[in-house]
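So that the names make sense, note that chain A is the first sequence line, chain B the second, and so on, each numbered from 1. Since this is a predicted model, take the numbers as computed values, not measurements.
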Amino acid sequence: GENVEQHPSTLSVQEGDSAVIKCTYSDSASNYFPWYKQELGKRPQLIIDIRSNVGEKKDQRIAVTLNKTAKHFSLHITETQPEDSAVYFCAAKGYNYGQNFVFGPGTRLSVLP
Amino acid sequence: GAVVSQHPSWVICKSGTSVKIECRSLDFQATTMFWYRQFPKQSLMLMATSNEGSKATYEQGVEKDKFLINHASLTLSTLTVTSAHPEDSSFYICSARGDRSTDTQYFGPGTRLTVL
């Protein structure tokens with residue numbers, strides 16, 4: 001089955017700097033890769049996603065890149081702000097509709113003012 | 001759009017009692033709902049997948065007789081923790097997915113269960 005690893009587990013950056021979180025997956029058949037942001041005690045919120053037929057996707061300060069050959073995808077946050085502080089989870093999903101997400105262990109991002 | 005609600009947001013119960021948690025998709029029909037459990041500072045652990053009108057599929061190691069799931073309609077799924085014990089205390093989160101045209105899951109706000 002699918003296995004998703006995520007690094008780093010914790011990340012501290014200065015406000016205004018960039019943050020990069022990387023995930024690797026094991027199943028080459030996975031074709032959908034969402035990123036969720038979870039603030040303490042709250043629900044995970046989808047912030048960006050990418051499909052395997054695309055190499056990069058960007059939404060304002062957030063971007064995701066996918067390297068299918070190496071089986072890894074990364075979240076890039078530019079011009080970080082204190083409100084970006086949260087736990088970020090990546091996930092991978094296979095191409096069949098019935099397949100479920102496999103989540104990474106999460107990265108705790110702290111943006112220092 | 002794509003709002004998922006969950007009720008209650010928190011519950012405290014005595015050991016041995018049963019607790020029901022509801023998950024509703026408010027503005028879309030959820031053909032599939034998922035139930036996750038999340039321990040402090042840990043990732044989301046999938047417990048089971050429920051499709052409307054059929055029996056839930058439980059992940060390995062999850063006791064189906066202890067965690068009863070019912071998905072009676074396209075907008076409602078319930079998780080009942082039966083004979084709860086302190087080790088069942090956790091944050092339970094549901095998510096919902098629409099039709100076959102989408103892979104996206106939308107999460108509910110979660111229910112914090114504390115068993116005394």
Q) Cluster question for you: counting only ILVMFWY and a side-chain heavy-atom cut-off of under 4.5 Å, with indirect links fine, are B/W10 and B/L116 together? A) yes
Q) Around A/E79, counting heavy atoms of other residues, nucleotides and ligands shown, do more than 12 lie under 6.0 Å from its CD? A) no
(Q) On a heavy-atom basis, which atom in B/F34 and which in A/N100 lie closest, and how many Å separate them? (A) CE2-OD1, 2.9 Å
**Q.** Value rounded to 0.5 Å, distance of CG in B/D103 from CG in A/D49
**A.** 9.0 Å
(Q) Is there a path of hydrophobic side-chain contacts, each under 4.5 Å between heavy atoms of I/L/V/M/F/W/Y residues, joining A/Y88 to A/Y25? (A) yes
Q. Between A/I47 and B/L44, is there a shared hydrophobic cluster once you connect ILVMFWY residues whose side-chain heavy atoms come closer than 4.5 Å?
A. no
Q | Greatest number of heavy atom pairs closer than 4.5 Å to chain A - which of B/Q38, B/K41, B/M45 | A | B/Q38
(Q) Strictly less than 4.5 Å between heavy atoms, which residues of residues 101-113 of chain A line up against chain B? Please order them by number. (A) A/F101, A/F103, A/G104, A/P105, A/R108
Q: Find out if a path of hydrophobic residues (ILVMFWY) with successive side-chain heavy-atom gaps under 4.5 Å connects B/V62 to B/V81.
A: yes
Q. Roughly how far apart are A/Q38 CD and B/I93 CD1, rounded to 0.5 Å?
A. 5.0 Å
(Q) Please enumerate all residues that pass salt bridge (charged side-chain N to carboxylate O under 4.0 Å, His left out) together with A/E2, with sequence neighbours excluded. (A) none
Q) With respect to chain A, which residue among B/R112, B/Q42, B/Q105 yields the maximal number of heavy-atom pairs within a distance under 4.5 Å? A) B/Q105
Q.
If hydrophobic clusters are built from ILVMFWY residues whose side chains come within less than 4.5 Å, do A/L66 and A/V54 share one?
A. yes
Q. Tell me, side chain or backbone of A/P34 under 4.5 Å from chain B's heavy atoms, or both, or neither?
A. neither
Q | Within 6.0 angstrom of A/Q60 CD, more than 12 heavy atoms from elsewhere | A | no
Q | OG on B/S43 to OH on A/Y36, rounded to 0.5 Å | A | 12.0 Å
Q) What pair of heavy atoms forms the shortest contact from B/F107 to A/R43, and how long is it? A) O-NH1, 2.9 Å
Q. Relative to chain A, which segment of B/S9 carries a heavy atom at a distance below 4.5 Å: side chain, backbone, both, or neither?
A. neither
